[in-house]
There are 2 protein chains.
Amino acid sequence: MTNISGPLIQAKNTSKKSGSLMQKANPKTDNPLFVGSVEKAFSVLQAFGQHKKSLSLKEISEITGIGKSAAQRFCYTLVELGFLERDDSSRRMRPAARLLGLSHSYLASNPISSIAAPYLLQARENSGEAVNLGIPMDQDVIYIARLASTNSHIAHPIVGGRAPMFCTSSGRAYLSTLSQDEISDLLDESDLTPITRHTIIDKQEILRKIDDVLNKGYAMANQECIVGELTIAAPILGPDHKGIGSVNICVTRPAWTMESVEEKLAPIVCQTAHNITLALSN
Amino acid sequence: MTNISGPLIQAKNTSKKSGSLMQKANPKTDNPLFVGSVEKAFSVLQAFGQHKKSLSLKEISEITGIGKSAAQRFCYTLVELGFLERDDSSRRMRPAARLLGLSHSYLASNPISSIAAPYLLQARENSGEAVNLGIPMDQDVIYIARLASTNSHIAHPIVGGRAPMFCTSSGRAYLSTLSQDEISDLLDESDLTPITRHTIIDKQEILRKIDDVLNKGYAMANQECIVGELTIAAPILGPDHKGIGSVNICVTRPAWTMESVEEKLAPIVCQTAHNITLALSN
DNA sequence: GTAAATAGTATTGTTATTCAATACTTATGT
DNA sequence: ACATAAGTATTGAATAACAATACTATTTAC
């Protein structure tokens, strides 16, 4: 009876190369085909990712690193296009509902969430708990489908939420399908700042946990993102046997313990991930 | 036992003033603060809205009305930024998961969906059927929270989906809170093309149905968007008693009839919409 | 299997559009 | 009420975006 129904961590920049727009020689962005204005516009929209609330022009200018004039012009443009809303009294901007249309085009065009849906529903029914489908995105996992636990009457989890890979069961399940080098590189690029006092930040220990996944078939995390939250996850494999995402189930203490999670939920996540893997390969 | 769990109509351009980017004197876009490149970039992303599948460069160029070179540059840019994915073998573009981050910033910043969530869950529990929360967007309703019916084991509805206002219960529930002039104007700007053979397209008849909502407190639609789908909706009011959205419940024939919907579901939608209205005003 | 046609990619010179700076206006807080 | 800070409007300069076009690769037709 709690409102914790999944990893709700907001998309903190979990990459080391953080900060404002990098302006180093970049083969990608130096290409004359690259339109810099577009990058700036999106940097404005993404400024709202980390700082949930609304933002003032000045804050946007500071967060994005684009100047005051630029912030002004891009905010004006985005408001005109309907992707930002401006509160005329406070002059603060906030993301507008039109943004949902963009995510809709992803969800509608990409079969993974619709193919996975019935299996996720089944997993939720079998477990009664919150079930999530996540895919890798940089050093994070991004949740593309989320089901609240059947007895959560408080909140429903939000699609598009992100959590660091290194300290989530979802992330470690996915990582277990990569080569040692790939895992190591990703961890090196991750910001291993602890989120709770249970977050494991020692690279060797993380590697050991990831290695465990290969033996057991599932990954677990004990309150590493949210105090009181226990999660278990299994990887979904692509045609080349590399991970393309993972299924996880989240529960809370003290109703659950790591032992009961392992006993009751491991078979469900593994079966679900396996079913989705098969469904996707057809 | 069907997979129809809500209005899944894709965002057909329901405005009359359709077609490519308008290049008439427009006080909004003529403002020197307006950055045209941003508009073009979003027009590329939105091209995927109506045409679910992936798109080739040429198709994007044609749909958006921006030239071939421009399509090339904006696609390159969007791919680099990670908002589009390019299939190297087919050279076709499709929306990428990173777009979910944008919708997440909306959902996380706007309290409406989280405040409404518990009431929607309750409505779903009481009805067992699919429940949606929609808000107005141009001539459409956009669904910002969706719950599948408890016995839908097939699919889950996608947030961000749109459906025309004039022929949905959600839309007409919302419209009923506007002034006659506002309703009339919106209908005039709507593309009243029938979607099914049950779609009501006569303006007078639509106005009559909207007027009915004022008496009954709820709107209904009989297979106007999807054959076999019956829906009922009630408006959510803002502080000024103007609508800010609506709650609807969708069911399917032949398990349900218009009569049974009215009898069983009207009290639920009305109560839910009322509860959400109250919750938002606090 | 070859040719024709179509789609995608790279390059370039021109100029329109974005740009930062700054002046001006409105809000905020002491 | 004044001072400070934030937001808005304007402008001239020049960069970055632009469309056209040449080039390459891939599909389609025969």
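We name chains A, B, ... by the order of the sequence lines, and we start the count at 1 in each one.
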Check: A:Lys40 NZ to C:dT17 C1': how many Å, rounded?
Finding: 12 Å
Next item on the list: To the nearest Å, give me how far apart CZ (A:Arg91) and P (C:dT25) are.
Entry: 14 Å
Margin query: If I take atom CZ in residue A:Phe34 and atom C1' in nucleotide D:dT15, what distance separates them, rounded to the nearest angstrom?
Written below: 16 Å
Checklist line | Flag side-chain contact, heavy atom, 4.5 Å: B:Gln46 against A:Leu102 | finding: yes
Notebook entry, point to check: In whole Å, what is the span from the CG atom of A:Asp87 to the P atom of C:dT26?
Noted result: 19 Å
Item checked: Atom-to-atom span, CG of B:Leu33 to C1' of C:dT18 - whole angstrom -> 11 Å
Next item on the list: Would you tell me if any nitrogen or oxygen in the side chain of B:Arg73 comes within less than 4.0 Å of OP1 or OP2 on C:dT9?
Entry: no
Next item on the list: Ignoring hydrogens and angles, answer whether the base of C:dG8 and the side-chain atoms of B:Lys68 contain a donor-acceptor pair closer than 3.5 Å.
Entry: yes
Check: Closer to the 5' end of DNA chain D via nearest nucleotide, is it B:Gly67 or A:Leu57?
Finding: A:Leu57
Item checked: Out of C:dG8, D:dA6, C:dT9, whichever nucleotide has its closest atom nearest the side chain of B:Ser56 -> C:dG8
Note to self: Under a 4.0 Å threshold between the charged nitrogen and the carboxylate oxygen, would B:Glu80 count as salt-bridged to B:Arg86?
What the structure shows: no
Note to self: Whether A:Arg73 engages the ring of A:Tyr76 as a cation-pi pair (distance to the six-membered ring centre under 6.0 angstrom, angle to the ring normal within 45°) should be assessed.
What the structure shows: no
Next item on the list: Please evaluate the base of C:dA21 for a donor-acceptor partner in the side chain of A:Ser69 within a cut-off of under 3.5 Å?
Entry: yes
Margin query: Taking the nucleotide of DNA chain D with the nearest heavy atom to each, does A:Arg86 or A:Val38 sit closer to the 5' end?
Written below: A:Arg86
Check: Tell me: CD of A:Glu59 to P of D:dG7, nearest whole Å?
Finding: 8 Å
Item checked: Closest to the A:Val35 side chain, choosing from D:dC18, D:dA22, C:dT18 -> D:dC18
Note to self: What I want to find out is whether A:Glu182 reaches A:Lys242 closely enough, with some N-O distance under 4.0 Å, to be called a salt bridge.
What the structure shows: yes
Margin query: Rounded to whole Å, please give me the gap between OH in B:Tyr76 and C1' in D:dA17.
Written below: 15 Å
Check: Can you check the A:Phe74 CZ to D:dT8 P distance for me, whole Å?
Finding: 17 Å
Note to self: Looking at C:dT17, I'd like to know if its phosphate oxygens (OP1 or OP2) sit under 4.0 Å from a side-chain N or O belonging to A:Ser37.
What the structure shows: no
Check: Among the nucleotides C:dG8, D:dT10, C:dA10, which one has an atom lying closest to any side-chain atom of B:Gln72?
Finding: C:dA10
Note to self: Would you call the rings of A:Phe83 and B:Phe42 parallel, tilted or perpendicular, taking 30° and 60° as the class edges?
What the structure shows: parallel
